[in-house]
Every structure is written in structure tokens, then in C-alpha cells.
Amino acid sequence: MPRDHLQSAERSASAAAADRSRPDAGRPAADGAEAPFLELLARGAAAEAYEQPVLLARAEGRPAERVAALERAKLLALRVRSEIEGRRRREAELSALFETAHDLAGLRDLDAVLRAIVQRARSLLGTDVAYLSLNDPERGDTYMRVTEGSVAARFQQLRLGMGEGLGGLVAQTARPYVTDDYFRDDRFQHTHSIDSGVRDEGLVAILGVPLTLGDHVIGVLFAADRRSRVFEREQIALLGSFAALAAAAIDTANLLAETREALSGLERANEIIQDRSAVIERASDVHDRLAELVLRGGGVHDVAAAVSQVLDGTVEFTEAPAAPARALESSRAEGHAVRHGDDWIAAVAAVAAGDELLGALVLRGHPGLDPVDQRTLERAAMVTSLLLLARRSAAEAEQRVRGELLDDLLDARDRDPRLLRDRATRLRADLDATHAVLAARLEGGAAADQEADARRRLWAAASHLAATRHGLAAARDGGTVLLLPLTPGDTATGLARRTARELGTAVHEPVTVGASAPVGRLLARPDTVASAYAEARRCLDTLRLLGRAGDGSAAEDFGFLGLLLAGERDIAGFVDRTIGGVVAYDERRGTELLRTLDAYFACGMSPARTKDELHVHVNTVAQRLDRVGRLLGDDWQSPERALEIQLALRLHRLSGVTQPPPGQH
């Protein structure tokens, strides 16, 4: 067992034993009963081994109390072991999904990616066999593409008609199906060839999930055992996640194939028009450049720059709303670059993936575009769509991982801090830095059917912001929660206002953001992030109650009301912000401005009664109050400021200051 898992197990077992030994647990623990089970946990023993200490105690004739204590400790240790195994399994699942998404982002060999998916699915679900089949549109059936753990040749060469066998039913209905006993299940059509293959392989329990692209099923991913087994809901969901990645790999491979075919088409065109050597040279150049860009993982703007040099014009990638609408729609419908206006002053090539429009490549300054140049622009658009899809796949995987880490910081308070820090490091997030937790919510008042889409857009914008700021973001409570680091000199208030402005600009709707006070060492206490989030939520609710929707703020902005909002009740901070200048002046000069303020408010803000209370001349009182005004601002006697100053004076006295209140000098 790795050292971090071992230490986590020891801490969990110790904490659990301590919980059971408290009076409110209902029964005290016997001394030493936990020791043998902690040793079993430490070395990662099998579940059966936990019976041995109890059996040994009974065999040795130990007292009933000792045996009962060992029984309780055994049950507790088994629960701790189960929890450790569950967390390790979940970590392995997330790691496998992340690694698979990483493989997909750098896709080179489709077969290698599909084999990795099937191998990881089999390993994580702990099944005897895992396999993947793909639909054959020409023959109207589905065939085996990849198998792992299979030993029967006939099984590896099976072809299933639509609706035949469990796999054919999944391919036909586009829904997951599971059976704990294949030959006793009559929900699907049994055929001799399929049953013979399954019998040769010795399979009993089978789970199948569909591989879908849009509304179309392209294949099925299976996990199967040679014994009766009930697949849990989490296992079905995990296999579905692998199926989604497999479908994305196949789709990406198809796009790569289209790109290669397009580049091959350019080569054939060059051979046909050999008399135009300059054109051939340009086409060859763009072919080499685009191929190199694809292989080294270049970006969209690299493609545009490369094509600009080849076509002797200016090529730019634009979002769909910024491109000429009519030309863009025509290019999308025809699948070719089209003219914009009366000449090739601007040519437009739609960048699309299936039915989704991703943007456009716009060529300017090249009125004499010939067919080869036109084809070059079209192929560049295809390469651009491929790069955009690959980047989106990697970004979505990273967003999910960032959201899951923040969810664990908020909810899973018994997580191992070392594992959390390692996960954060992989995302370039520093959990030891000072952060602020922000709660964000849309204020656009979207219709019910548009609200879910608006929330998704907010989460996407927040995830992008978190990624660029080395923070974390997750969807929660109908809005979004962000964990962002504070730069030197920055404040929680400034961060909240910038975040509200940036998110509002991104989603084109007002976004209200409440921020917690700055928090450091996020892993020092299990509830640090959760408490800060609760404070941010209170600030968010206060902003909305005060009619400041679409703004951003922190508890420090609300004066003494901020004391009620702050989770840690930052009394010292409130006193310092309110009368800190006066306190510092008295300490430096040895003056009595604080005492004068106390007396002034105690005497109903009357200078005449104040001078009697302090036994000084009224001019002395006026001079002191004038100095207070210069330190606190001209509005210090306004009702709102006066209330805050009086509260700060009282809190300052209660915090341990020895200065006597008015009337006791």
C-alpha cells in the first residue's frame, strides 16, 4: 500500500476509534482492542484476516468484555478499510478517465486509444472480460473491434444483428443494459451463433453501454464476468464515461482521416495541374505546414498564420457571430469556401464539426483566388475544426477535474490533505497560498426553459476564469463557487468586483458575486473552504437584499454589518478599519482622543457637557474633535458612521484596553 494511503488509513482508523470512545458514542472502547486491527489496516490485509483477533481471543478464553470490544473494533476497522478501498477506487477511476482524456487530446493511433479504454474499464470494474463493438452501417449489424481478457476465438469474431443479444439490443435502443445471468434473461433475442460465442467464453454477467455521437449509436462498450454478478450504478456510470471517451476518440479519428483525405486531395490536384508550378508549390507548402501543425499540436491562430503566408493574403479565424452571416451559412451548407461580395476581396470558409458551427476562416486581400487556393482554405478550415474539438475535449476534462477537486474541498472533509495537494499541483493550483472563496449567481431572470442553459454558460465562464487564474470552480446551489488566489496588494472586495464584471461580460447577463475574507492554508482545517463558502453566500444574499444585484463585494464592505456576515467575526479588523487611525495617533503622541470620543458620545455629542466630563476647556474639546475629524473623515458624525464608531469604541474597550470609560477617571 502506498505511504500516503497507509498514513490516511492509520489516521482514519485512529479517528474512528476515538469517536467511538467518546461518551456520546454510547459505549467505551476497551484498551488495546484496536491495536491488532490497526496493524491489519497498516499492511492492507484482506477482509478475512480481521476475524483472526476475535477468534484468537475466544480460543484463549479471554473475558466476554474483551471479545465484545474486539468485535466492535473489528466492525469499525472493516468500515475504515471499506472507506479506504472506496476512495482508492474512486481516485483510480478519476485518474484513468483523466489519462484517457489526455490520450484522446493527443490522439495518434485510434486502436491504441480504444485498447487503453477497454483495458482500463476491465481493470477498474474488476471484470474477467471487457470488449468494444462498432456498428457496420453497410451490413446493418455490429462487430467486435477490441477485446481484453477474451480466450475464445469464436467470441472475438462475433457479429450481432440489431436487436440480437444484449449488445444488439443496446445498439438498437441506445440505452445501457445489464444482465446478471445471460442465458436466463429473455429480454433480448437469443441466437445460436451469439449464445455459442458467449458460452465458449464462459460469460454469465454482462453490462453493455452505448457509444453515441449526437443522436447516433456507433457501437457498444461491454464489461462481463464468468460468474453471476450485480453491477452497481456507479460502475454503470463509469463504463458510460469510458464509452463517451471512446466515441470521442472515434469521432476525432474520423476528423483526422478527413483531414488526411483532404490533404491527399490537395496532392492529387497538384499532380493534375503540373503546368502551374507556383500553385503546386503553394499547395505543397500548405500541406506540409498543416501536417506539421497537426502533429505538433499547434493552435487555431497558427493555422491561420500558416495559410496566410501560403495564400499571400490575410487569413483570420473569427467566431461565428463576427463572420458575414450569409456567406458563412452558404459555406456551411455547400461545404466550400464562398465569395463575400462581388470579388474575392473576402472569402469565407465555415469551420464546422457535424451540425455544430464553430466559427469561420476569413481571407482578405486576395481577389484572384483560384480553385487550388480555395481548396487550401477549405482544408485549413477542416484542420481548424479538428484542433478546436481536441482543445475542447481537453478543456472539458480539466474543468471536470477542477470542479471535482473543489467539491472535495467543500464536502469531503476527511480527505487526505496530501492527496488533495497533489491533485491541486497537477492543476497548477497552490492550496497553501492565500485565497478567497466567491459565490456567483446570475441575475438575468431567464425563463425556466433557458435557465439551465444560462447556468451552464456561467459555469463554463467561471471554469475558464479559474483555469487562467490557477484557481478552481464548480457548479453549486444554483450558481457557481470559485476558489481564486489573491495577488499581493489585492483585496477580497476587489477580486469580487472584478469577477462579477468579467463573468457578466462573458455571459452577457448581470452576475452577483459575494466573497469571503482572505483565507490561507486551506488544508489546515477540514472545514476551512466550507466555512469561507458559507460566508461568501451570506455576502451574496446581502448584496441581493440591498438591491446591489450584478455587483461584487466582501464582508469588509458592510461596516459593522460585516461582523454578522463574516464567518470568523473579524472584530479586530472592524475596529482597525473604523477607529484604527485614532488608536495609532494616541499611541504615537500620548494623546487622549479615544477618551474624548468616548466622553463625547456619552454626553450626547455635546461639546459643553463633554468638557465638564473631562474637566478641560471647551476649546480643548473642539481641538481634539477637529483632530478626530481629520483622522476619520469629515462624515464621522453622520448617523451611520457615528453608530459604527461607537460600536468600535465599545469593542476596543472589551478587547482588553485599560483606558477607563468616561466618568471613571
Trainee: side-chain contact (heavy atoms from CB on, under 4.5 Å), that's the test. Do Phe242 and Val209 meet it? Break it down for me.
Mentor: CA-CA 9 Å; Phe242 276 115; Val209 296; over 6 Å; no
Trainee: Take atom CZ of Arg187 as the centre, draw a 6.0 Å sphere, and report whether it contains more than 12 heavy atoms from other residues, nucleotides or ligands.
Mentor: yes
Trainee: Is any side-chain heavy atom of Leu483 less than 4.5 Å from a side-chain heavy atom of Leu522?
Mentor: yes
Trainee: Minimum heavy-atom separation for Pro485 to Arg469, with atom names?
Mentor: CG-O, 3.3 Å
Trainee: For side-chain contact (heavy atoms from CB on, under 4.5 Å), just list the numbers for Arg79 and Leu76, CA-CA rounded to whole Å, side-chain angles, deciding distance to a tenth of an Å, and then say yes or no.
Mentor: CA-CA 5 Å; Arg79 286 203 303 273; Leu76 178 60; 3.5 Å; yes
Trainee: Are the side chain of Thr212 and the backbone N or O of Gly214 linked by a donor-acceptor pair below 3.5 Å?
Mentor: no
Trainee: Is there side-chain contact between Tyr182 and Ile194, with heavy atoms separated by less than 4.5 Å?
Mentor: yes
Trainee: Between Val217 and Gln172, does the side-chain contact (heavy atoms from CB on, under 4.5 Å) criterion hold? Intermediate values first, please.
Mentor: CA-CA 8 Å; Val217 178; Gln172 183 181 54; over 6 Å; no
Trainee: Testing the basics here: between Leu482 and Ala440, what is the closest heavy-atom pair and its distance to 0.1 Å?
Mentor: CD1-CB, 4.3 Å
Trainee: Any side-chain heavy atom of Val220 within less than 4.5 Å of one from Leu160?
Mentor: no
Trainee: Looking at CG of Leu207 and CD of Glu232, how far apart are the two atoms once the value is rounded to the nearest 0.5 Å?
Mentor: 12.0 Å
Trainee: Is there a donor in the side chain of Tyr177 and an acceptor in the side chain of Asp185, or the other way round, less than 3.5 Å apart?
Mentor: no
Trainee: Restricting to non-hydrogen atoms, name the atom on Gln235 and the atom on Val230 that form the minimum distance, rounded to 0.1 Å.
Mentor: OE1-O, 4.3 Å
Trainee: Hey, could you give me each pair passing ring-ring contact (aromatic ring centres under 6.0 Å, His included) that has a residue in residues 120-146? Not counting sequence neighbours.
Mentor: Tyr131-Phe155, Tyr131-Phe222
Trainee: Distance check, rounded to the nearest 0.5 Å: Leu203 atom CG versus Arg227 atom CZ?
Mentor: 11.5 Å
Trainee: Quick one: do Glu148 and Arg115 make a salt bridge, cutoff under 4.0 Å?
Mentor: no
Trainee: Between Tyr50 and Gln52, is any pair of side-chain heavy atoms under 4.5 Å apart?
Mentor: no
Trainee: Does any pair with a residue in residues 199-208 pass side-chain hydrogen bond (donor to acceptor under 3.5 Å, both in side chains), and if so which ones, sequence neighbours excluded?
Mentor: Ser150-Glu201, Arg154-Asp200, Glu201-Arg226
Trainee: Testing the basics here: between Val118 and Ala130, what is the closest heavy-atom pair and its distance to 0.1 Å?
Mentor: CG1-O, 3.3 Å
Trainee: How many angstroms lie between OG1 in Thr528 and CG in Leu523, if you round to the nearest 0.5 Å?
Mentor: 8.0 Å
Trainee: Give a yes or no on whether the backbone of Pro137 and the side-chain of Asn135 come within a donor-acceptor separation of less than 3.5 Å.
Mentor: no
Trainee: Counting only heavy atoms not in Glu71 (residues, nucleotides, ligands), do more than 12 fall under 6.0 Å from its CD?
Mentor: yes
Trainee: Measure the spacing between CD of Gln189 and CG of Asp195 and express it to the nearest 0.5 Å.
Mentor: 10.0 Å
Trainee: Quick one, Asp411 and Arg476 - any side-chain contact, counting heavy atoms below 4.5 Å?
Mentor: yes
Trainee: For atom NE2 of His216, decide whether the heavy atoms of other residues, nucleotides or ligands shown that lie under 6.0 angstrom number more than 12.
Mentor: no
Trainee: Would you say that Thr127 contacts Phe231 through its side chain, given a criterion of any heavy-atom pair below 4.5 Å between the two side chains?
Mentor: yes
Trainee: Working to the nearest 0.5 Å, report the span between OH of Tyr533 and CG of Leu410.
Mentor: 7.5 Å
Trainee: In plain terms, say whether Arg441 and Asp477 are close enough for a salt bridge, that is, a side-chain N and a carboxylate O under 4.0 Å apart.
Mentor: no
Trainee: Going by heavy atoms in the side chains, are Asp408 and Arg423 under 4.5 Å from each other?
Mentor: yes
Trainee: Quick one: CE on Met144 to CG on Leu132, what's the gap to the nearest 0.5 Å?
Mentor: 9.5 Å
Trainee: Quick test of your reading of the model: are Arg229 and Asp128 salt-bridged, counting only N-O distances below 4.0 Å?
Mentor: no
Trainee: Does any part of the side chain of Leu472, heavy atoms only, come nearer than 4.5 Å to the side chain of Leu409, both counted from C-beta?
Mentor: yes
Trainee: Could you check whether any side-chain N or O of Ser123 sits under 3.5 Å from a backbone N or O of Gln119, counting only pairs where one atom can act as donor and the other as acceptor?
Mentor: no
Trainee: How far apart are the closest heavy atoms of Ala454 and Leu442, and which atoms are they?
Mentor: O-CD1, 3.3 Å
Trainee: How close do Ala474 and Asp407 get, counting heavy atoms only, and between which atoms?
Mentor: CB-OD1, 3.7 Å
Trainee: Could you tell me whether the side chain of Thr468 and the main chain of Leu465 form a donor-acceptor pair under 3.5 Å?
Mentor: yes
